[in-house]
Amino acid sequence: MQPKMDDRKWMILKAIIKTYLETGEPVGSRTISKYPGLSLSSATIRNEMSDLEEMGYILQPHTSAGRIPSDAGYRLYVDRMMEEKDQQISEQRELMIQRQEKTEMLLKQVVKYLAANTNYATMISGPQIHRTKLKFIQLSIVDETQILATIVSESNAVKNKILNIDHGLDQETVLRMNLLLNTNLNGLTIEQINLSTISRLKEEAGIHSDLVSKVLDAVAEAISQAEDVEIYTSGATNFFQYPELSASDMASELIGAFESKQPLLGVIGDREETESKDGIQVYIGQENSVESLRNCSVVTASYDLGGGMYGRIGIVGPKRMDYEKVVGILKDMTQQLGEINKKN
């Protein structure tokens, strides 16, 4: 009677394949007995390996030698790995969609609250990924000329990128590339992927070093801050409450900036290098980089949603704004946003 694949056999087969991919040497039962997560005796492992050999998933190249994966073993491993990764990515994408929808609703409420309680115009940027770490990479064959790179960050943001290749890759090569990339890159920020790491990866990839370059470019794109930033605004009509800002041309220019939102990126983009220790920064008149706001004062603060996700809040008003009140409200709000993240 043909043995059946159960969880224990599957764990042993995975251990054999991973070890063989790393060493290129036949794998013995003693080596597998030391594998993390396996608490089995060498005798038990030998029995299971005999079953796996009978099932056609591993081979014994020489008498008294260890085992190596067969084509069928590789196929089962790759198929199950792809299923597991696809499931993980699907679950993470669903969680991210839910989180993004909740975050969007929250930020819209925050910006309206700030406008109502300060009587100034307010803006808040959607969270960006900042110095987040790479969680894992999955390369999948699309066809002979294309590879799909799925990149998941520490915050579970998922990015898919189609990479063009000069020649087709087989499943074993893609598997080796996945192991190479994940072994060397998982847990690193884009700043930590230095020239030494890149050179080592390209050397180990051999003739596929060009693919490594394309994957690294995709990783940099996925976990960089260059993505589009959503900006939510409220209270632009508050400008009309202040005579020095309500002149027709000036008010029109200010409201236009809030409607188009693009100029506001210069106000609540990445200003980390100029922030004070408590995350609050005040720009008065000509200190503002945005021309239309140079008759105003702008107070900004950072908020942190955890997992490397952060954004900025800005309050815009006349130069005679109530700075003490605005700074106090911003400190309270950023603290509350941080507490909300801890509860979630």
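Just so it is clear, the model here is predicted, and its values are computed rather than measured. In this chain, numbering begins with 1 at the start of the sequence shown. All values below were derived from every heavy atom in this structure, side-chain atoms included, with hydrogens, water molecules and symmetry-related copies excluded.
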Going from CD on Glu324 to CD1 on Ile329, what distance comes out if it is rounded to the nearest 0.5 angstrom? 11.0 Å
Quick one: do the Gln138 and Ser140 side chains pair a donor with an acceptor below 3.5 Å? yes
Kindly say whether Lys331 contributes a backbone atom to a donor-acceptor pair with the side chain of Thr334 at under 3.5 angstrom? yes
Using side-chain heavy atoms (C-beta onward) and a distance below 4.5 Å, is Val282 in contact with Val298? no
Go through the structure and list residues passing salt bridge (Lys or Arg N to Asp or Glu O under 4.0 Å) with Lys112, not counting sequence neighbours. none
Got Ile313 and Thr122 here, is their nearest side-chain heavy-atom distance under 4.5 Å? no
Are Thr300 and Ile280 side-chain neighbours, meaning at least one heavy-atom pair lies under 4.5 Å? no
Report yes if the side chains of Arg67 and Ser50 come closer than 4.5 Å at any heavy-atom pair, otherwise no. yes
Sequence-distant partners of Lys18, salt bridge (Lys or Arg N to Asp or Glu O under 4.0 Å), two or more places apart: none
Which distance, rounded to the nearest 0.5 Å, do you find between the CG of Asn164 and the NZ of Lys214? 6.0 Å
Is the shortest heavy-atom distance from the side chain of Val299 to the side chain of Met321 under 4.5 Å? yes
Taking only residues two or more places apart in sequence or in another chain, which ones pass ring-ring contact (aromatic ring centres under 6.0 Å, His included) with Phe239? Phe258
Would Thr118 and Lys325 count as having a side-chain donor-acceptor pair, cut-off 3.5 Å? no
Does Tyr113 have any side-chain hydrogen bond (donor to acceptor under 3.5 Å, both in side chains) partners at least two apart in sequence or in another chain, and if so, which? none
In chain order, what residues pass the salt bridge (Lys or Arg N to Asp or Glu O under 4.0 Å) check against Glu22, with sequence neighbours excluded? none
In this structure, are over 12 heavy atoms from other groups packed under 6.0 Å from Lys161 atom NZ? no
Does any part of the side chain of Leu254, heavy atoms only, come nearer than 4.5 Å to the side chain of Met250, both counted from C-beta? yes
Taking only residues at least two apart or on different chains, which pairs with a member in residues 235-245 satisfy salt bridge (Lys or Arg N to Asp or Glu O under 4.0 Å)? Glu244-Arg320
For the backbone of Leu293 and the side chain of Asn288, can you confirm whether one donor and one acceptor N or O come within less than 3.5 Å of each other? yes
Does the side chain of Gln241 come under 3.5 Å of the side chain of Asn238 through a donor N or O and an acceptor N or O? yes
Polar side-chain atom of Thr197 near backbone of Ile193 as donor-acceptor pair, under 3.5 Å: no
Is the backbone of Ile284 close enough, under 3.5 Å, to the side chain of Glu287 for a donor and an acceptor to pair up by distance? yes
Quick one: which residue pairs count as a side-chain hydrogen bond (donor to acceptor under 3.5 Å, both in side chains) with a foot in residues 31-44, not counting sequence neighbours? Ser41-Thr44
Could Arg75 and Asp71 be called an ion pair, given the rule that one side-chain N must be under 4.0 Å from one carboxylate O? no
Scan the side chains in residues 179-186 for donor-acceptor partners under 3.5 Å anywhere in the protein, sequence neighbours excluded, and list what turns up.
{"unit_1": "Asn182", "atom_1": "OD1", "unit_2": "Ile137", "atom_2": "N", "d": "2.8"}
{"unit_1": "Asn182", "atom_1": "OD1", "unit_2": "Asn186", "atom_2": "ND2", "d": "3.3"}
{"unit_1": "Asn182", "atom_1": "ND2", "unit_2": "Ile137", "atom_2": "O", "d": "2.8"}
{"unit_1": "Asn182", "atom_1": "ND2", "unit_2": "Asn178", "atom_2": "O", "d": "2.8"}
{"unit_1": "Thr183", "atom_1": "OG1", "unit_2": "Leu179", "atom_2": "O", "d": "2.6"}
{"unit_1": "Asn184", "atom_1": "OD1", "unit_2": "Arg200", "atom_2": "NE", "d": "3.2"}
{"unit_1": "Asn184", "atom_1": "OD1", "unit_2": "Arg200", "atom_2": "NH2", "d": "3.2"}
{"unit_1": "Asn184", "atom_1": "ND2", "unit_2": "Leu180", "atom_2": "O", "d": "2.8"}
{"unit_1": "Asn186", "atom_1": "ND2", "unit_2": "Lys135", "atom_2": "O", "d": "3.1"}

Atom OG in Ser70, atom OH in Tyr57: separation rounded to 0.5 Å? 8.5 Å
Sequence neighbours excluded, which residues qualify as salt bridge (Lys or Arg N to Asp or Glu O under 4.0 Å) partners of Asp6? Lys9
State which residues pass ring-ring contact (aromatic ring centres under 6.0 Å, His included) with Tyr77; sequence neighbours excluded, sorted by chain then number. none
Would you check if Leu139 and Leu148 make a side-chain contact, meaning some heavy-atom pair closer than 4.5 Å? no
What about Met5 and Tyr74, same hydrophobic cluster or not, with Ile/Leu/Val/Met/Phe/Trp/Tyr joined at side-chain heavy-atom distances under 4.5 Å? yes
Asp143: side-chain hydrogen bond (donor to acceptor under 3.5 Å, both in side chains) partners, not counting sequence neighbours: Thr145
Could you pull out all residues at least two apart from Thr23 that satisfy side-chain hydrogen bond (donor to acceptor under 3.5 Å, both in side chains)? none
So do Ile124 and Arg312 actually touch side chain to side chain, heavy atoms under 4.5 Å? no
